[in-house]
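Notes follow once the structure below has been shown.
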Amino acid sequence: MAEIPYRFVTDSRVEELITRHAGLEPGQETDHVVAIAGRLMLRRVQGKLAFATLDDGSGRIQLFAPSKTTPEFEQFCDLNLGDWVGITGVVMTTRRGELSVRVDSWVVLAEARRPFPDKWHGINDVDTRYRQRYVDLWVTPEARQTFLMRSRMMTLTRSFLEQRGFIEVETPIFHPIPGGANARPFTTHHNALDLDLYLRVAPELYLKRLTVAGFEKVFEIGRVFRNEGVSTRHNPEFTMLELYQAYADYHDIMSLVEELVEQLAVELTGSTVLTVADQELDVARPWRRATMIELIEESIGATLSLDMPLDELRTIAKQHEVQVKDTFGPGKLILEIYEKTTEGALWGPVFVTDYPAEVSPLSREHRDKPGMTERFEAILAGRELCNAFTELVDPEQQRSRFEDQAAQNAQGDDEAMMVDEDYIRALEYGLPPTGGLGIGMDRLAMLLTGASSIRDVVLFPTLRPEQ
RNA sequence: GGGCCGCUAGCUCAUCGGGUAGAGCAGGGGACUUUUAAUCCCAAGGUGCCGGGUUCGAGCCCCGGGCGGCCUACCA
């Protein structure tokens, strides 16, 4: 085999060539000489004339190679599917009208030493697709499309936030104290410091420290890690967008979420109507806003409140097959009833608002409803997309919420939070009224691409190792 | 964690009431100057996920294990 060059300069992408020469009649030869490179996807050798299909990632175009004009014609015909080649030649159309590049010179850029998957069926086995994503992405156009859309989604999200004055920051992934979400953390160890550390379950507490510091609008898009089971909606590491806006409350944040999602849908799909699992979801603003209590009442027809006797709540919970524990207060019972009876039936888009303080250790108490907090989750296509609230700013209240959490942790709830003294110290310097938001970007990508499994929007999902 | 299903050539898939496997594509050889998943001819390609058991004989039946999928549970 010929030497593999160290460099190959292209001047065109296939996508551009197709657009530029869209109207070309059959049998035309232009004076447009191009240099393109990509992977050989198909090959049709016909004696003294060879055709091939090149894929450069932007699209596919035919290569036209007559023996008379193609250098080293025999070797060109011996190329294997999957080989990378660099081509220079004129743009032309064949007798049948197929837009092609005539191979006036060519060079091998990489050999495919492993066999090409079935050129028509590609790879069907999802295990292989996830494990060998590098193969999946070039033989499965939908997979490529999904990840291109995800990339654009991230870019558009960043510019959406930057246009509104948010600055992007990066906070630690190693946390001495895990916090910001109720989730079991991964643990690790720093040798030189002889220090046990946790991989973050959320960046929340660091971002609010930055609000204390005087950054009015901050966001972070980053990986978080939760030591939980995997499913079509859960990958142990996933990408979270969190943002904090000083002087704002949860109503402002709801408006922001609506705007973001509507805009992404229009820019990425051209419509506010998305298709998920063969059902339509219209994300056009405004979205319905309803309290958790209202939605439960709609769903089960019973009246609930935090003030009613605990026994009555327990009875209702048991009627709906909620597994009740003695430690559950009224707030936890209401949340459990919501999750068991109501959440799964919601399609959305809907903002579910006003969560009990008992289950919302970082949210500020509702301005009118004692025992409730100003918190919401958005449900889209039956899935929870985000979690947001008017932030708890009072250090004393925060300490007491942390202590409740720590007590639950001590009782064996390894998802409950611990007391973060430094975070309380930060609050003591003064956190202004602040609205905060966390969005699972993988789930947002699922929504926008119509993917039914989170693994279809994560390039390399967590799997058991082979063998 | 529980239930159900799957695993056969590099890829996509067959076969059978238990009788030690077959095709297309890819890869190899040959024919072919306008093909489009090109076509045609030839040859090659297998630890039937792994390990036990039943049987004269197991890819197929039984048990255990592995990996994956779906559902469920868990999961802010």
Side-chain angles (χ1 to χ4, degrees), chain A residues 26-27 40-53 60-70 73 77-83 92-100 102 112-132 135-136 139-140 180-184 201-202 204 224 226-236 238 240 292 323 332 335-336 338-340 343-344 352 355-356 358-363 373 375-379 383-389 413-417 438 440 452-453 455 461 463-467:
Chain A
L40 220 57
M41 303 302 284
L42 297 168
R43 194 196 45 198
R44 298 176 287 283
V45 176
Q46 221 174 58
K48 298 278 197 300
L49 178 64
F51 301 90
T53 302
R60 292 180 180 194
I61 195 165
Q62 177 166 272
L63 304 176
F64 178 83
S67 59
K68 250 192 281 182
T69 60
T70 304
F73 178 74
C77 295
D78 284 342
L79 286 170
N80 283 336
L81 298 193
D83 284 347
M92 49 160 290
T93 49
T94 59
R95 275 183 213 164
R96 295 281 175 89
E98 180 79 16
L99 184 69
S100 307
R102 194 180 66 208
R113 299 185 192 195
R114 286 174 178 271
F116 194 85
D118 190 284
K119 67 186 177 188
W120 186 245
H121 299 97
I123 308 180
N124 258 10
D125 181 36
V126 287
D127 187 32
T128 309
R129 292 187 48 205
Y130 297 149
R131 288 187 196 281
Q132 296 182 242
V135 180
D136 181 39
V139 300
T140 314
N182 289 348
R184 196 179 314 156
V201 296
E204 170 149 359
V224 300
R226 298 186 182 179
N227 207 338
E228 294 159 358
V230 297
S231 77
T232 48
R233 286 157 298 257
H234 300 265
N235 197 56
F238 62 100
M240 179 93 104
M292 176 183 287
Q323 294 195 338
K332 178 70 171 168
L335 179 69
E336 291 286 331
Y338 163 74
E339 286 179 349
K340 191 79 180 183
E343 187 177 29
V352 182
Y355 282 59
E358 184 185 339
V359 294
S360 310
L362 302 167
S363 315
T373 61
R375 171 181 166 191
F376 73 86
E377 291 186 358
I379 303 290
R383 295 191 292 250
E384 178 197 323
L385 178 76
C386 68
N387 183 26
F389 30 88
D413 180 354
D414 52 10
E415 287 160 5
M417 298 181 200
S452 55
S453 168
R455 293 185 205 99
L463 299 171
R464 282 199 171 82
E466 292 179 85
Q467 297 189 344

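In what follows, chains are A, B, ... by sequence order, proteins preceding strands, each numbered from 1. Everything numeric here is computed off the predicted structure, so don't read it as measured data.
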Whole angstroms only, please: what is the [atom1]-[atom2] distance between [X] and [N]?
{"X": "R102(A)", "N": "U34(B)", "atom1": "CZ", "atom2": "C1'", "answer": "14 Å"}
{"X": "E228(A)", "N": "G1(B)", "atom1": "CD", "atom2": "P", "answer": "15 Å"}
{"X": "R44(A)", "N": "U33(B)", "atom1": "CZ", "atom2": "C1'", "answer": "14 Å"}
{"X": "L49(A)", "N": "U39(B)", "atom1": "CG", "atom2": "C1'", "answer": "14 Å"}
{"X": "R131(A)", "N": "G68(B)", "atom1": "CZ", "atom2": "C1'", "answer": "8 Å"}
{"X": "E384(A)", "N": "C74(B)", "atom1": "CD", "atom2": "P", "answer": "14 Å"}
{"X": "L63(A)", "N": "U34(B)", "atom1": "CG", "atom2": "P", "answer": "18 Å"}
{"X": "R226(A)", "N": "C74(B)", "atom1": "CZ", "atom2": "P", "answer": "17 Å"}

Pair partner, [N] [Watson-Crick or wobble, under 3.5 Å]:
{"N": "A21(B)", "result": "none"}
{"N": "C70(B)", "result": "G3(B)"}
{"N": "G59(B)", "result": "none"}
{"N": "U34(B)", "result": "none"}

What's the closest nucleotide to the [X] side chain, out of [options]?
{"X": "L463(A)", "options": "A37(B), G69(B), U34(B)", "answer": "G69(B)"}
{"X": "D127(A)", "options": "C67(B), U34(B), G69(B)", "answer": "C67(B)"}
{"X": "L81(A)", "options": "A26(B), A38(B), U33(B)", "answer": "A26(B)"}

Using a heavy-atom cut-off of under 4.0 Å over every strand shown, decide if [X] touches base, sugar-phosphate, or nothing.
{"X": "R375(A)", "value": "base"}
{"X": "Y355(A)", "value": "nothing"}
{"X": "Q62(A)", "value": "base"}
{"X": "P361(A)", "value": "base"}

Short side-chain N/O contact from [X] to OP1 or OP2 of [N], under 4.0 Å:
{"X": "R455(A)", "N": "G69(B)", "value": "yes"}
{"X": "N80(A)", "N": "G28(B)", "value": "yes"}
{"X": "R129(A)", "N": "U12(B)", "value": "no"}
{"X": "R95(A)", "N": "U36(B)", "value": "no"}
{"X": "R43(A)", "N": "A38(B)", "value": "no"}

Worksheet item: Is there a side-chain contact (heavy atoms from CB on, under 4.5 Å) between V352(A) and I379(A) once you walk through the steps?
Response: CA-CA 7 Å; V352(A) 182; I379(A) 303 290; 3.9 Å; yes
Fill in: N235(A) and R455(A) side chains, donor-acceptor separation under 3.5 Å
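Looking only at side-chain atoms, N235(A) and R455(A) do not form any donor-acceptor pair under 3.5 Å.
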Give me the atom names and distance for the closest heavy-atom approach of [X] to [Y].
{"X": "M240(A)", "Y": "G440(A)", "value": "SD-N, 4.5 Å"}
{"X": "F73(A)", "Y": "A65(A)", "value": "CE1-O, 3.1 Å"}
{"X": "P26(A)", "Y": "T93(A)", "value": "C-OG1, 3.5 Å"}
{"X": "S363(A)", "Y": "T373(A)", "value": "CB-CB, 3.5 Å"}

What's touching nucleotides 29-32 of chain B from the protein side, N or O pairs under 3.5 Å?
residue, atom, partner, partner atom, Å
C32(B), N3, G47(A), N, 3.1

Extract from the structure each pairing of a protein N or O with an N or O of nucleotides 8-11 of chain B at less than 3.5 Å, listing the distance.
residue, atom, partner, partner atom, Å
C11(B), O2', D118(A), N, 3.0
C11(B), O2', G122(A), O, 2.8
C11(B), O2, D118(A), OD2, 3.4

Worksheet item: Is L40(A) close to L63(A) at the side-chain level, that is, under 4.5 Å between some pair of heavy atoms?
Response: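 Yes, at least one pair of side-chain atoms sits under 4.5 Å.
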Item to complete: Kindly indicate whether the side chain of R43(A), heavy atoms from C-beta on, has any atom under 4.5 Å from the side chain of C77(A).
Response: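 No, too far: nothing below the 4.5 Å cut-off.
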Worksheet item: Going through the distances and angles, do L335(A) and M292(A) end up as a side-chain contact (heavy atoms from CB on, under 4.5 Å)?
Response: CA-CA 8 Å; L335(A) 179 69; M292(A) 176 183 287; 3.7 Å; yes
Discussion item. Could you walk me through whether F51(A) and T53(A) satisfy the side-chain contact (heavy atoms from CB on, under 4.5 Å) test, starting with their C-alpha distance in whole Å, then the side-chain angles of each, then the deciding distance to 0.1 Å, before giving a yes or no?
Written reply: CA-CA 7 Å; F51(A) 301 90; T53(A) 302; over 6 Å; no
Practice prompt. Mind running side-chain contact (heavy atoms from CB on, under 4.5 Å) on L49(A) and F64(A) for me, showing each step along the way?
Written response: CA-CA 8 Å; L49(A) 178 64; F64(A) 178 83; 3.8 Å; yes
